[in-house]
Amino acid sequence: MKKLVIIPARGGSKRLPNKNIKLLNGEPLIMHSVSTARSLFEDIEICVSTESKEIKKIVEKSGLKVPFLRPIELAKDDSTSEDVLIHALNWYQKHLYQPDIIILLQPTSPFRKTKHINDIMKKFSDKIDMVVSVKEAKSNPYFNLYEENDNGFLKKTKESNYTRFQDCPKVWELNGSVYAINPTSLKHKGFSNFDKIIKYEIKEPELSIDIDTKFDFNLCELIMKKQI
């Protein structure tokens, strides 16, 4: 099975400026994902997709070649992950090889383990759209998640008579760590139309941290220092 590992890292970030190259425990954030990927895959299988010459320079300093610079129009605030993945997939199909599986590793998940990636790849087949890492959600639409109706009143997202949280059906939250995606499904369906998705649960809460804010970043740094 031919693999394509995509690590998307744009230069801009509003909530946490330059977060993908911000030093986390002395190393640029993106390099935590790059190092994990290189411990499992050949360099030719790893694609850092970025529009930033600075990110490209940092990554290539490690010896990993960045095959292209992403078009600026795919690095805006409203650019979608789907468009970024399809762009990288098209480039590989045209210039190198036809992948059978796409492994998406977001650089904002520095605590993912090689075991998580291996386990997810084992669950993948060409009969499904995606295997994705999740965590059990702390909030539940049957119990404490509400929507506002047309009259401005809150109502439960899912109607139910549950009086205890633990009796509710379990719900899962994507933690952003690892995605194993069917390339054919991506190009012909798109994420929003995936209907054959299998979960892979990561139970340890610290391993599901997805860095979006300064608080998230500081929490990761504290955890890494405690582990040393």
Side-chain angles (χ1 to χ4, degrees), residues 3-72 74-75 79 81 84-85 87-89 91-92 96 99 101-121 132-133 174-181 202 204-228:
K3 311 168 193 72
L4 172 57
V5 181
I6 301 178
I7 304 175
R10 73 186 183 108
S13 176
K14 284 189 173 180
R15 292 191 181 185
L16 185 60
N18 299 313
K19 69 178 176 182
N20 286 319
I21 57 175
K22 189 174 172 66
L23 295 182
L24 177 62
N25 199 30
E27 185 175 35
L29 177 60
I30 188 173
M31 294 310 301
H32 291 270
S33 294
V34 168
S35 296
T36 299
R38 295 183 85 187
S39 69
L40 282 177
F41 304 98
E42 299 294 327
D43 281 4
I44 195 173
E45 299 174 312
I46 303 170
C47 171
V48 173
S49 172
T50 184
E51 90 297 354
S52 167
K53 292 181 180 179
E54 186 174 6
I55 290 177
K56 182 178 186 289
K57 182 178 179 180
I58 288 172
V59 172
E60 291 191 334
K61 189 177 179 181
S62 73
L64 178 67
K65 181 176 176 57
V66 176
F68 54 80
L69 281 175
R70 188 199 309 173
I72 296 297
L74 294 180
S79 300
S81 296
V84 170
L85 293 177
H87 173 265
L89 174 60
W91 192 94
Y92 267 72
L96 291 175
I101 180 175
I102 294 172
I103 307 297
L104 168 59
L105 304 179
Q106 297 187 145
T108 49
S109 298
F111 288 123
R112 78 172 62 80
K113 306 294 185 184
T114 54
K115 171 180 166 40
H116 301 151
I117 301 172
N118 279 325
D119 287 350
I120 282 176
M121 286 195 297
V132 63
S133 60
L174 305 189
N175 67 4
S177 183
V178 186
Y179 302 72
I181 303 166
I202 295 179
E204 304 87 343
E206 69 276 11
L207 301 186
S208 284
I209 297 175
D210 180 27
I211 296 177
D212 186 45
T213 64
K214 185 176 180 180
F215 174 83
D216 300 329
F217 193 93
N218 291 342
L219 179 60
C220 286
E221 195 153 59
L222 179 62
I223 291 172
M224 284 190 171
K225 288 179 179 178
K226 288 290 185 180
Q227 289 178 341
I228 293 176

Worksheet item: Closest approach of Arg70 and Ala9, non-hydrogen atoms and distance?
Response: NH2-N, 3.4 Å
Practice prompt. Kindly determine whether Ile101 and Ile181 satisfy side chain to side chain contact (heavy atoms under 4.5 Å, CB included), including the steps that lead there.
Written response: CA-CA 6 Å; Ile101 180 175; Ile181 303 166; over 6 Å; no
Practice prompt. Check for a donor-acceptor pair, side chain of Ser62 on one end and backbone N or O of Val59 on the other, with a separation under 3.5 Å.
Written response: yes
Discussion item. Check this for me: Glu54, atom CD, are more than 12 non-hydrogen atoms of other residues, nucleotides or ligands nearer than 6.0 Å?
Written reply: no
Item to complete: State, with a plain yes or no, whether a side-chain heavy atom of Pro28 is found less than 4.5 Å away from one of Leu23.
Response: yes
Worksheet item: Would you say Glu204 has more than 12 foreign heavy atoms packed within less than 6.0 Å of its CD?
Response: yes
Worksheet item: Taking all atoms of both residues into account, what is the closest heavy-atom pair of Pro110 and Cys220, and its distance?
Response: CG-SG, 4.1 Å
Fill in: Any donor-acceptor N/O pair, Ser39 side chain to Thr36 backbone, under 3.5 Å
yes
Item to complete: Report the C-alpha separation of Glu51 and Leu74 in whole Å, then their side-chain angles, then the decisive distance to 0.1 Å, and conclude whether the side chain to side chain contact (heavy atoms under 4.5 Å, CB included) test is met.
Response: CA-CA 8 Å; Glu51 90 297 354; Leu74 294 180; over 6 Å; no
Item to complete: Provide the closest heavy-atom pair for Ser177 versus Asn175 in the form atom of the first, atom of the second, distance.
Response: N-OD1, 3.0 Å
Worksheet item: Okay, side chain of Arg112, backbone of Gln106: is any donor-acceptor separation there less than 3.5 Å?
Response: yes
Worksheet item: What distance do Leu219 atom CG and Lys214 atom NZ have between them, rounded to the nearest 0.5 Å?
Response: 14.0 Å
Worksheet item: Given side chains that start at C-beta, do those of Ser81 and Pro8 come closer than 4.5 Å, heavy atoms only?
Response: no
Worksheet item: Quick one: are Leu4 and Ile103 in side-chain contact, heavy atoms under 4.5 Å?
Response: no
Discussion item. Quick check for you: to the nearest 0.5 Å, what is the distance between Asp119 atom CG and Thr114 atom OG1?
Written reply: 9.0 Å
Worksheet entry | Backbone N/O of Lys115 and side chain of Asn118: donor-acceptor pair under 3.5 Å | no
Worksheet item: Taking the six-membered ring for Trp, are Phe68 and Trp91 parallel (under 30°), tilted (30 to 60°) or perpendicular (over 60°)?
Response: tilted
Item to complete: Please report the C-alpha distance between Val34 and Ile46 in whole Å, then the side-chain angles of each, then the deciding distance to 0.1 Å, and finally whether the side chain to side chain contact (heavy atoms under 4.5 Å, CB included) criterion is met.
Response: CA-CA 8 Å; Val34 168; Ile46 303 170; 5.8 Å; no
Worksheet, complete the sentence: Here the gap from Cys47 atom SG to Leu89 atom CG, rounded to the nearest 0.5 Å, amounts to 10.0 Å
Item to complete: Flag the pair His32 / Met224 as yes when at least one side-chain heavy-atom distance between them is below 4.5 Å, and no otherwise.
Response: yes
Worksheet item: Going through the checks in order, is the side chain to side chain contact (heavy atoms under 4.5 Å, CB included) test met by Ile55 and Asn20?
Response: CA-CA 8 Å; Ile55 290 177; Asn20 286 319; 4.2 Å; yes
Fill in: More than 12 heavy atoms of other groups within 6.0 Å of Ile44 CD1
no
Worksheet item: Closest heavy-atom contact between Gly63 and Asp43?
Response: O-OD2, 3.9 Å
Practice prompt. Measure the CE-CD1 distance between Met31 and Ile7 for me, rounded to the nearest 0.5 Å.
Written response: 8.5 Å
Discussion item. Rounded at 0.5 Å granularity, tell me how far NZ in Lys61 sits from NZ in Lys57.
Written reply: 8.0 Å
Worksheet item: Considering only heavy atoms from C-beta outward, does the side chain of Val84 approach that of Arg10 to under 4.5 Å?
Response: no
Worksheet entry | Main-chain N/O of Val66 paired to Glu60 side chain as donor or acceptor, under 3.5 Å | yes
Practice prompt. Pick out which of Ile6, Ile58, Ile30 makes a side-chain contact (heavy atoms from CB on, under 4.5 Å) with Val48.
Written response: Ile30
Item to complete: Taking the six-membered ring of Phe41 (Phe, Tyr or Trp), confirm whether the NZ or CZ of Lys3 is under 6.0 Å from its centre and within 45° of its axis.
Response: no
Discussion item. So, taking the atom named NZ in Lys19 and the one named CG in Leu29, what distance separates them when rounded to the nearest 0.5 Å?
Written reply: 8.0 Å
Item to complete: Taking the side chain as every heavy atom from C-beta outward, state whether Ser133 and His116 have any pair of such atoms under 4.5 Å apart.
Response: no
